[in-house]
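First the proteins, then the strands, lettered A, B, ... as listed; each starts at 1. Below, each value reflects all heavy atoms present in this structure, side chains not excepted, and no hydrogens, waters or symmetry copies.
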Amino acid sequence: MHDRPVITRFAPSPTGHLHIGGARTALFCWAFARRHAGRFLLRIEDTDQARSSEDAARGILEDLAWLGIGWDDGPLWVDGPSDPNVCSGGQAVGSSRRPAQYGGDARGVGPYYQSQRRDIYEREFVRLLEAGLAYPAFETPEELGAMRKAAEAEKKTFIYRQRGDYDHAAALARVRRGEAHVLRLKMPGQAITVHDRVLGDVTFPAEELDDFVIRKADGFPTYHFAVVVDDELMGVTHVLRGQEHLNNTPRHIALQRALGFRTPFYAHMPLIFNLDATKMSKRDKDKAAKKAVRDAGIESVAGLVERLHSTGRQRERAVLQSLSDADLQVWLKDKQRQLGREQVGAVAAALGLKLPEIDVEDFRAAGYLPEVLCNFIALLGWNPGERNADGTDLERFDQAFLASRFDTDRIGKTNSKFDREKLLAFNADTIQHGLTDERFAGLWLGWAERFDEQLATWARADAARWQVASRAARPRTKTLSDAREAIGFALVPDDAVVFDDKAVGKVLHKGEPSGLVVLEGAGKVLASVDPWAPEAIDAALHAFATDRGLGMGKVAQPLRVAVTGGSVSPGLGETLALIGREGTLRRVERCLMECRGSVI
RNA sequence: GGCCCCGUCGUCUAGCCAGGUCCAGGACACCAGGUUUUCAUCCUGGUAACACGGGUUCGAAUCCCGUCGGGGUCACCA
């Protein structure tokens, strides 16, 4: 076993989007395989017929691909990320932006959907049954529930054991007659020790181990069974998974022994929680949205749509309108009731609410960069233990670094809390110091095309302007989604600029000469600036300021207020360039009129 | 409740396995200054932790035991 090539696997169940915790598990499995020149395998555990869906499976593949966590074996993925500028880590597809291709069945150990492997499981069930290592059990769920309750009444944990009068031949006969039944594994009655690479040896006493179900009444294998069989058949050597699985491991080992399989190496990773120590759950988003609607005192769909109107988002609008007032009421009153993902998103958009990010898709929509997200989650439970040249701890790294250093020996044992502030700082740092303007422009556009149609349209209308916008927004941007705020003034029609009273009072009406006087003079200078580009505009304005013996602030702020309505914007040259000469002059003119007309 | 895991600044962590160089280092956040045409960036400085109690030892954040605290798990879900 020690000389077998390393094979790790990530095995999500397709019941929803990829959770950030799952992403870390996948990343670690991927990194471990890379580090040991092995293979990383992806398997879809869809043995729960009721909850699994093909859509969810596809979504998970896409999330992984976006993160740059490519898999060697598994479902084929050739579409590639829909975002042409997406960063890819690890087995990078390179700067040529070819579509990524992951998966396939080079070793011939597929299929990788468990629902397609039922004949394989069946063979193994028969083996166990014939060897007397597994047996049919006929209790109904109701009966089991009663037994559990009875045990509880005695303050004991219910442990299922084979009945003393169990008769294998008779049981098999009942099965042949077609009686509903499950299959259970006969536990060996001895303590089982898990040799864990993170936690060390962990021993579970025999009394704690029950004869658990390995095949459900519907004929599907349980998770325990499928995972053990598939890991063996697919050659998995190292199982890295969350600590919540530790208690399952003795069962898996018992199963491996019964089936004559090898036991892989195990490494159970600590868990990730919210900052407030609650579990990171999809419900968090629904909760936040519900609270916001209640706090805003909104009771009808129309009330929500009205809020949305000002921001002009068509998609969210349609989503909201698909809701009825009755739906909304029921949702508001019932704590348990949850809205769909799209609906929650639309509600948040209407209220200008930032939803807590839980799934990979949430972080993507919020404008986090995939390589930053990977960097950050890698640090939750793992640390390279190296220093930078300046003596600080090395904590910023890319996937290539992870792939070259990652191992189980530096995985920590303690659970961690997900600090979004630090993630945000990482993201901001990468955007501001780790990207060129060109690359940022591409990433931002890719993001807009997926999440902000209005911005994307504006971007496509004028490529040169988009370059300026990117240059202006990048230094003030922490996530791709807030870059828009930095240049939002440019998307507003010239006559719709709203002048902030405070700003007007402070920079236009005060001073000697007053802001308005300076503004008028600056406007005249601007009329003849050529070319209309940031550098030329800045140069002209500096000359103007020097000429009048004014500090730059005295010139910049009145202009800023005149063209954006407020006192905050990117550099003045960029700000004016984005608005255009015509727009700038019109805005200055309009400001002069309005503010002189209403002298305070 | 049974079983299992864990316990260093508010948060992520380095240090622990091979006890002294640790009155505990870094990062994020926070606070105070500085640079700057606004904002952001950037620079400088600061506050802040070995859960508690016993051992072992010349010496313990590091080893042992106990207490307390947190988490996981107890399904025909994965």
Report the residue (A/G381 or A/L246) whose heavy-atom-nearest nucleotide on RNA chain B is the more 5′ of the two.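 Upstream on the strand: A/L246.
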Using the test side chain to side chain donor-acceptor pair (under 3.5 Å), find all partners of A/Q338 that sit at least two apart in sequence or belong to another chain.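 A/Q338 satisfies side chain to side chain donor-acceptor pair (under 3.5 Å) with no other residue.
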What is the pairing partner of B/U57, taking Watson-Crick or G-U wobble pairs with both distances under 3.5 Å in any strand?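 Partner of B/U57: none.
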Complementary nucleotide of B/C77, counting Watson-Crick and G-U pairs under 3.5 Å: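 Its partner is none (no Watson-Crick or G-U wobble pair with both distances under 3.5 Å).
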What about A/K422: does its side chain form a donor-acceptor pair under 3.5 Å with the base of B/A27?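 By the distance-only test, yes, there is a pair.
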Considering only heavy atoms and no angle criterion, is a donor-acceptor pair shorter than 3.5 Å present between the side chain of A/T414 and the base of B/G71?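 Side chain to base: no pair below 3.5 Å.
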Walk me through it: do A/K422 and A/E395 pass the test salt bridge (charged side-chain N to carboxylate O under 4.0 Å, His left out)? CA-CA 12 Å; A/K422 184 158 178 172; A/E395 52 178 14; 3.3 Å; yes
Protein-proximity profile, nucleotides 36-48 of chain B, B/S/- by nucleotide at the 4.0 Å heavy-atom cutoff, equals -BBBSSS------
Taking the minimum atom-to-atom distance to the side chain of [X], which one of [options] wins?
| X | options | value |
| --- | --- | --- |
| A/D48 | B/A78, B/U11, B/C28 | B/A78 |
| A/F426 | B/A27, B/U11, B/C5 | B/A27 |
| A/F204 | B/G26, B/C4, B/C12 | B/C4 |
| A/D419 | B/A78, B/C28, B/G2 | B/C28 |

May I ask you to list the residues of residues 145-155 of chain A, by number, that have any heavy atom positioned under 4.0 Å from an atom of RNA chain B?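 Listed by number, they are A/R148.
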